[in-house]
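Notes follow once the structure below has been shown.
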Amino acid sequence: MIKLIASDMDGTLLNEKMEVSERNIQAIKAAKANGIEFLIASGRGLSEAKPFLKDRVHPGYITLNGAEVFDSNEKLVSSNPISNDSKNKIVNLFHEYRVYFEVITNKGIFSDNKELRISSLAQLLVSLNPGTTYEQAYADTLERIKLTPMTFLDSYDKIFNDESYQIMKLLAFDSGNDRSVKLKPLTDEIHKVLKDVVVTSSSPNNIEVNSSDAQKGIALMKYAKSKGIKQSETMSIGDNLNDASMIQEAGIGVAMANAIPEIKDMADEFTDNNANDGVAQIIEKVIAQNEMEGQVE
């Protein structure tokens, strides 16, 4: 019997319009009504993830790939920042490889280039939804960015030199279509130089760097344990590399139909794509199976 479900956002819970569909909302409500706890597990921060739900449901959150975890009352449960020494080395490598990057801290999200922020997110939207043109994605991003609680700075020096800021995640983008040109060598270099961080990705045009303790799978299992939920009673749903740890760790790992091959290879079950409410479909299936198991007992 499944008692806890964790779902990724981009390419999973969010559809091709970067929205949480009505069917997905109702499925989450139904899960909670049937005693199944629901977590959103995202590379986004809490303030960036919450607006998509418009306060219609109140799940718990694994945010920033596991760097921060919040319960359904938005109380911070755990925090795993990047060490200051590792942060400095990663930033130096970002400059060396000339990639645009953003800084996610315990005090908010920061960017030093608004135009690159918009174009990078538009490219991410296109990569997650191949039927979307860049022009459509750019227009959608212009609207979405108005709702994103991000601070734009001329330089990151202020937050890097202020010890009250904890660096929870570093997110780098590359505008090129060939990942092997910059992002793959950059990822290899980070892994070579640093042992206390993990590099994942939520799309072909980015890499996400977290503390090695900040992974969705680790966060999911710790949360489940705190609630007295067994590993076999957990399910995770995802589509990309930053979902790999929770797909592997959960009792049942579910891959979206639009998931990358690596995620499909490690999944236990499959559901429809994000444009066809794949999350809702698997939740509805779980609720039905739980009811059958309850009747047998």
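- Under the 4.5 Å side-chain heavy-atom criterion for grouping Ile, Leu, Val, Met, Phe, Trp and Tyr, V197 is connected to F94 within one hydrophobic cluster.
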Distance-only criterion, 3.5 Å: show the donor-acceptor pairs between side-chain atoms of residues 277-288 and protein atoms not counting sequence neighbours.
{"unit_1": "D277", "atom_1": "OD1", "unit_2": "S21", "atom_2": "OG", "d": "2.6"}
{"unit_1": "Q281", "atom_1": "NE2", "unit_2": "D272", "atom_2": "OD2", "d": "3.2"}
{"unit_1": "Q281", "atom_1": "NE2", "unit_2": "N276", "atom_2": "O", "d": "2.8"}
{"unit_1": "E284", "atom_1": "OE1", "unit_2": "R23", "atom_2": "NH2", "d": "2.7"}
{"unit_1": "E284", "atom_1": "OE2", "unit_2": "R23", "atom_2": "NE", "d": "3.1"}
{"unit_1": "K285", "atom_1": "NZ", "unit_2": "E269", "atom_2": "OE1", "d": "3.4"}

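- In this structure, D55 has no side-chain hydrogen bond (donor to acceptor under 3.5 Å, both in side chains) partners at least two apart in sequence or on a different chain.
- In this structure, F160 has its ring center no closer than 6.0 Å to that of Y165.
- Scanning for salt bridge (charged side-chain N to carboxylate O under 4.0 Å, His left out) contacts around D188 gives K184, with sequence neighbours left out.
- At most 12 non-hydrogen atoms from other residues, nucleotides or ligands lie less than 6.0 angstrom from CD of E163.
- Counting heavy atoms of neighbouring residues, nucleotides and ligands inside a 6.0 Å radius, atom CG of D154 does not exceed 12 of them.
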- In sequence, state the C-alpha distance, the side-chain angles, and the governing distance for N65 and N242, and then conclude on side chain to side chain donor-acceptor pair (under 3.5 Å). CA-CA 7 Å; N65 293 331; N242 66 342; 3.0 Å; yes
Which donor-acceptor pairs under 3.5 Å do the side chains of residues 26-34 make with protein atoms, sequence neighbours left out?
{"unit_1": "Q26", "atom_1": "NE2", "unit_2": "E22", "atom_2": "OE2", "d": "2.7"}
{"unit_1": "K32", "atom_1": "NZ", "unit_2": "H58", "atom_2": "O", "d": "2.7"}
{"unit_1": "N34", "atom_1": "ND2", "unit_2": "A30", "atom_2": "O", "d": "2.7"}

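- The hydrophobic cluster containing L241 does not contain I190, counting ILVMFWY residues as joined when their side-chain heavy atoms lie under 4.5 angstrom apart, directly or transitively.
- Among residues at least two apart or in separate chains, salt bridge (charged side-chain N to carboxylate O under 4.0 Å, His left out) pairs with a member in residues 70-85 are K50-E74, D85-K89.
- Legend: residues meeting salt bridge (charged side-chain N to carboxylate O under 4.0 Å, His left out) with E68, ordered by chain and number and at least two apart, are absent.
- Listed for the Y156 side chain is a donor-acceptor partner under 3.5 Å among the backbone atoms of D112.
- Rounding to the nearest 0.5 Å places CD1 of I40 at 9.5 Å from CG of D8.
- Take K227 and apply the side-chain hydrogen bond (donor to acceptor under 3.5 Å, both in side chains) test, not counting sequence neighbours, and it matches no residue.
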- Could you walk me through whether N206 and S201 pass the side chain to side chain donor-acceptor pair (under 3.5 Å) test, one step at a time? CA-CA 6 Å; N206 76 13; S201 173; 3.1 Å; yes
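- Scanning for side-chain hydrogen bond (donor to acceptor under 3.5 Å, both in side chains) contacts around E262 gives an empty result, with sequence neighbours left out.
- In this structure, the side chains of M266 and I247 come closer than 4.5 Å at one or more pairs of heavy atoms.
- A side-chain N or O of Y100 and one of S111 form a donor-acceptor pair less than 3.5 Å apart.
- Contact of the M18 side chain with the D140 side chain is not registered, since no non-hydrogen atoms from C-beta on lie closer than 4.5 Å.
- Residue pairs meeting the salt bridge (charged side-chain N to carboxylate O under 4.0 Å, His left out) criterion with at least one partner in residues 189-214, sequence neighbours excluded, are K169-E208.
- Scanning both residues, A49 and Y61, for their nearest heavy atoms gives CB-CE2, 4.0 Å.
- Cluster partners of L39 are L4, I62, V69, V77, L220, M221, Y223, I229, M246, counting Ile, Leu, Val, Met, Phe, Trp and Tyr whose side-chain heavy atoms approach within less than 4.5 Å, directly or via other members.
- As a member of the Ile/Leu/Val/Met/Phe/Trp/Tyr network built from side-chain separations under 4.5 Å, V198 groups with nothing else and remains a singleton.
- Residues forming a salt bridge (charged side-chain N to carboxylate O under 4.0 Å, His left out) with E102 (at least two apart in sequence, or on another chain): R117.
- Note on L14: it does not cluster hydrophobically with I260, by side-chain heavy-atom contacts below 4.5 Å among ILVMFWY residues.
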